[in-house]
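Numbered from 1 within each chain, the chains take letters A, B, ... in sequence-line order. The basis for the numbers below is simple: all heavy atoms, side chains too, and nothing from hydrogens, waters or symmetry mates.
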Protein chains: 2
Amino acid sequence: MAAGAKVQEVDQDDEHVISDLEQFVGYNLKRAYVIVQADFREALGQDSLAPRVFSALSLVVQFPHISQSKLARRLGIERSGLVAIVDELEGLGYLSRATVPGDRRVQALVPTQKGRSAYAEAVATVRAHEKALLADLSAAEQRVLINLLRKIRSKGEVE
Amino acid sequence: MAAGAKVQEVDQDDEHVISDLEQFVGYNLKRAYVIVQADFREALGQDSLAPRVFSALSLVVQFPHISQSKLARRLGIERSGLVAIVDELEGLGYLSRATVPGDRRVQALVPTQKGRSAYAEAVATVRAHEKALLADLSAAEQRVLINLLRKIRSKGEVE
DNA sequence: AGGATATTGTTTATCTGGTAAACAGTTTAA
DNA sequence: TTAAACTGTTTACCAGATAAACAATATCCT
């Protein structure tokens, strides 16, 4: 039990000394998220789609005629926040707001052909970048990772 | 090659239909991160520390006399952004900016006793909340998750 | 020595993503 | 038919983050 008070003068490179924070899932999640997100942005470039816009487009392509409310719920954001995203996609000519016969409140979002092919291209790009970024992880590891993350996600979607 | 064009009329509850996005690590990472972060905030409450303030305090407690520049680098943020965080921690009486004999530019951050105990308490709280949130994951799964996330993190710390 | 260069903490302006509250138009329920 | 609920939207706001400039100080170079 000798020698325990030498913690004061640590002025060198604490750079990769392991820290308390690393025990928390939340901290590791955040750091990993930041990295993957940066890679995503680099993949699709400033010219193109931000992550959330990409996600919105993805759902519109997969579920044509989805309403904005449903889309927002599915994306986990407020309807008010979705407006700008849909505006952007409409401005790019990737979708159009279509009126729905039965209900004059809702606007069905339908992807254009341009939107569909832009999405297909974006998917390929993102997939390639993600593959490169995660080259350290085997296919099995990636599956495990996604499944663990999905387990966490399921805790939040309760509401 | 029969029957492939029935994708149009999906107007029911698409709620938990599996979507394209789920194949991407980035998407799952983001969703999981949002949930864990919300839980963290609930744990420490609006009264108390935001995640980034908690992280800063953690490193100051672990590495007393760390400089603001080093702290910022370690947190992965800009020095300019750190100022407000340190201001807040100083305002709470959790640390003080101490001058350093050798170099009059740097301000060494030293935790107060109050800061140390506040941190210890916060760690316990966060740990308990995280444990509850991640109850679905076994201890082994949590270790695996953290290690996989750490692998991703290592790709980013290169620079 | 002294001048260029670099570093530290800081302020300011700016951007992004996101929420909350209010609103008009429309539909549904009592 | 009146009350309640829902849809898309605008507006105001907030959090976190970056970039650029700056004064004070330190280091390097010959």
task: Let me know, please, whether A:V83 or A:V34 comes out on the 5' side of the other along DNA chain D by nearest nucleotide.
output: A:V83
query: Any side-chain N or O of A:K70 under 4.0 Å from OP1/OP2 of D:dC6?
result: no
- prompt: Can a side chain N or O of B:K30 be found less than 4.0 Å away from OP1 or OP2 on C:dG18?
  reply: yes
message: So if I take every side-chain heavy atom of A:R105 and compare against C:dT19, C:dT27, D:dG8, which nucleotide ends up nearest?
response: C:dT27
message: Is there a side-chain contact between A:R41 and the phosphate of C:dG17, meaning an N or O under 4.0 Å from OP1 or OP2?
response: yes
- request: Round to a whole Å and report the spacing from CG of A:D103 to P of D:dC6.
  value: 12 Å
statement: Taking every heavy atom of B:G26 against every heavy atom of A:V36, the minimum-distance pair comes out as CA-CG1, 3.5 Å
message: Can you measure B:L75 atom CG to D:dA17 atom P for me and round it to whole angstrom units?
response: 9 Å
- prompt: Looking only at N and O atoms, is any donor in the side chain of B:R79 or the base of C:dG9 less than 3.5 Å from an acceptor on the other one?
  reply: yes
- prompt: Under 4.0 Å between a side-chain N or O of B:R97 and OP1 or OP2 of C:dT8?
  reply: no
field: Whole-Å distance separating the CG atom of A:D87 from the C1' atom of D:dT10
entry: 11 Å
Separation of atom CG in A:L82 from atom P in D:dT11, rounded to whole Å: 18 Å
- request: Examine A:Y94 together with A:Y119 and report whether their ring centres are nearer than 6.0 Å.
  value: no
message: For the residue pair A:N28 / B:R150, report whether a side-chain donor-acceptor contact shorter than 3.5 Å exists.
response: no
Length of the line joining B:E78:CD and C:dA13:P, which is rounded to integer Å: 19 Å
message: Expressed as a whole number of angstroms, how long is the span from B:E88:CD to D:dA17:P?
response: 13 Å
task: Write down the distance between CD1 (A:I85) and P (D:dT9), rounded to a whole number of angstrom.
output: 12 Å
task: Give the nucleotide from the list C:dG9, D:dG16, C:dG17 with an atom nearest to the side chain of A:R52.
output: C:dG17
- request: Ignoring backbone atoms, establish whether B:S69 has a side-chain N or O less than 4.0 Å from OP1 or OP2 of C:dG9.
  value: yes
field: Side-chain H-bond candidate by donor/acceptor type, B:Q62 with B:S58, under 3.5 Å
entry: yes
- prompt: Between A:F54 and A:F40, is the ring centre distance below 6.0 Å?
  reply: yes
task: Look at A:R104 and C:dT27 and indicate whether a side-chain polar atom (N or O) is within less than 4.0 Å of OP1 or OP2.
output: yes
query: Which heavy-atom pair separates B:S69 from B:R79 by the least distance, and what is that distance?
result: OG-CD, 3.2 Å
- request: Respond yes when some side-chain nitrogen or oxygen of B:Q68 is under 4.0 Å from OP1 or OP2 of C:dT7, and no when none is.
  value: no
task: To the nearest Å, give me how far apart CG (B:L71) and C1' (C:dG9) are.
output: 13 Å
- request: Using heavy atoms to find the nearest nucleotide of DNA chain C for A:P101 and A:Q37 separately, return the residue whose nucleotide is more 5′.
  value: A:Q37
task: Test for a donor-acceptor pair under 3.5 Å between the base of D:dA19 and the side chain of B:S80, counting only N and O atoms.
output: yes
